[in-house]
J.: 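Sharing a structure with you now.
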Amino acid sequence: MEKPELIIKNAKIIFAELEDNGFGRNIVIDVTDKEYQDLIQDFYKAYKVAGGKAKFKDYTNKDGQTTKQFTIKLSDFCDIEGKDGLGAKDLRYGTIVNILLTTYEWDNKFGKGISARAQDLYVVKAGVKTNMAKLAE
């Protein structure tokens with residue numbers, strides 16, 4: 001039986017934690033656009049991921065602008081490749097990625113359930129290296 005999967009196209013990276021510091025690797029994407037929220041929520045509900053409810057968080061920056069964010073764990077074997085040689089080194093704020101999200105079942109001393117993780121990431125467009133742009137002037 002095939003694992004349920006969801007492809008999220010052209011998601012904007014807000015933050016990428018690629019080193020495992022005890023909590024796994026993950027990315028945070030901008031889901032302010034309701035289309036992304038609906039896509040993810042429908043997937044979570046259909047496959048009972050996290051009890052059928054995706055958790056979105058609001059973040060308000062110092063300028064008062066609010067974005068809705070969603071954290072996605074990366075699998076231990078997540079491949080990160082991209083267009084024109086882009087890859088993991090290019091994952092930073094503003095990077096545009098396509099994400100293959102899959103589900104997995106877990107069962108441990110704390111309970112059991114279904115979670116989702118990024119199986120693969122494809123970097124479509126790198127975010128801006130603001131400091132590098134300044135240095136290149």
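Worth knowing before you read on, the calculation uses all heavy atoms, side chains too, and leaves out hydrogens, waters and symmetry mates.
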J.: Once rounded to the nearest 0.5 Å, what's the spacing between atom NZ of K3 and atom CG of L100?
T.: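 So the NZ of K3 and the CG of L100 are separated by 10.5 Å.
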
J.: Looking at CG of L74 and CG of D120, how far apart are the two atoms once the value is rounded to the nearest 0.5 Å?
T.: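 Spacing of CG (L74) from CG (D120) equals 10.5 Å.
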
J.: Group every Ile, Leu, Val, Met, Phe, Trp and Tyr by side-chain heavy-atom contacts under 4.5 Å, then state whether L39 and L121 land in the same group.
T.: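 Linked, L39 and L121 end up in one cluster.
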
J.: Going by atom types alone, do Y122 and K83 pair a side-chain donor with an acceptor below 3.5 Å?
T.: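 Not at all, the side chains of Y122 and K83 share no donor-acceptor pair under 3.5 Å.
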
J.: Find the distance between OG1 (T71) and NZ (K57) and round it off to the nearest 0.5 Å.
T.: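 Answer for the OG1-NZ pair, T71 versus K57, is 5.5 Å.
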
J.: What closest approach, in Å, do Y93 and K12 show between heavy atoms, and which atom pair accounts for it?
T.: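 Reported closest heavy-atom pair: OH-NZ, 3.2 Å.
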
J.: Search all heavy atoms of T67 against all heavy atoms of T32 and return the closest pair with its distance.
T.: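 T67 and T32 have their closest heavy atoms at CA-OG1, 3.3 Å.
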
J.: Please evaluate residues I29 and I99 with respect to the criterion side chain to side chain contact (heavy atoms under 4.5 Å, CB included), reporting the C-alpha separation (whole Å), side-chain torsions for both, the decisive distance (0.1 Å), and the verdict.
T.: CA-CA 10 Å; I29 61 171; I99 305 162; 4.0 Å; yes

J.: Using 30° and 60° as the class limits, which term best fits the ring planes of F70 and Y44: parallel, tilted or perpendicular?
T.: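 Perpendicular: the ring planes of F70 and Y44 meet at over 60°.
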
J.: Decide yes or no for K68 and Q37: does some side-chain heavy atom of the first lie under 4.5 Å from some side-chain heavy atom of the second?
T.: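 Contact flag for K68/Q37 side chains = yes.
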
J.: Could you grab the distance from atom CD1 of I27 to atom CG of L91, nearest 0.5 Å is fine?
T.: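 If we round to the nearest 0.5 Å, I27:CD1 and L91:CG are 7.0 Å apart.
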
J.: Just by distance, do the side chain of N98 and the backbone of N10 share a donor-acceptor pair under 3.5 Å?
T.: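 Yes, because the side chain of N98 sits within donor-acceptor range (under 3.5 Å) of the backbone of N10.
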
J.: Considering non-hydrogen atoms only, spot the tightest contact between Q41 and A54 and give its length.
T.: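 Between these two residues, the closest heavy atoms are OE1-N, 2.9 Å.
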
J.: Can you tell me how far the CD atom of E105 sits from the NZ atom of K48, to the nearest 0.5 Å?
T.: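 E105 CD to K48 NZ: 11.5 Å, rounded to 0.5 Å.
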
J.: Can you name the nearest heavy-atom pair linking E17 to G24, along with the distance?
T.: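 What the structure gives for the nearest pair is CG-O, 4.5 Å.
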
J.: Contact between V49 and L101 at the side-chain level, heavy atoms closer than 4.5 Å - yes or no?
T.: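 A side-chain contact is absent here, since even the closest heavy-atom pair is not under 4.5 Å.
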
J.: Test side chain to side chain contact (heavy atoms under 4.5 Å, CB included) on Y59 and I14; report intermediate values, then the result.
T.: CA-CA 11 Å; Y59 171 76; I14 292 175; over 6 Å; no

J.: Is the shortest heavy-atom distance from the side chain of I13 to the side chain of V28 under 4.5 Å?
T.: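 Side-chain contact under 4.5 Å: no.
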
J.: Please find the pair of heavy atoms, one from R25 and one from C78, that lie closest to each other, and give the distance.
T.: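 Residues R25 and C78, closest heavy atoms: NH2-CB, 3.7 Å.
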
J.: Do you know which two heavy atoms are closest between A88 and L18, and how far apart they sit?
T.: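 Heavy atoms of A88 and L18 come nearest at O-CD1, 3.6 Å.
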
J.: CD1/I80 to NZ/K89 distance, rounded to the nearest 0.5 angstrom?
T.: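 The NZ atom of K89 is 11.0 Å from CD1 of I80, to the nearest 0.5 Å.
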
J.: Indicate yes or no: at least one non-hydrogen side-chain atom of Y47 is less than 4.5 angstrom from one of L6.
T.: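 The answer is no, as the side chains (C-beta and beyond) never meet within the 4.5 Å cut-off.
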
J.: Do I8 and I72 have side-chain heavy atoms sitting under 4.5 Å apart?
T.: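 Contact flag for I8/I72 side chains = yes.
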
J.: Do side-chain atoms of N108 reach the backbone of F110 as a donor and acceptor pair under 3.5 angstrom?
T.: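 Looks like yes, one N/O pair under 3.5 Å.
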
J.: I want to check something: taking the side chain as every heavy atom from C-beta on, are R117 and T102 in contact at a cut-off of under 4.5 Å?
T.: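 Of all side-chain heavy-atom pairs linking T102 with R117, at least one is under 4.5 Å.
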
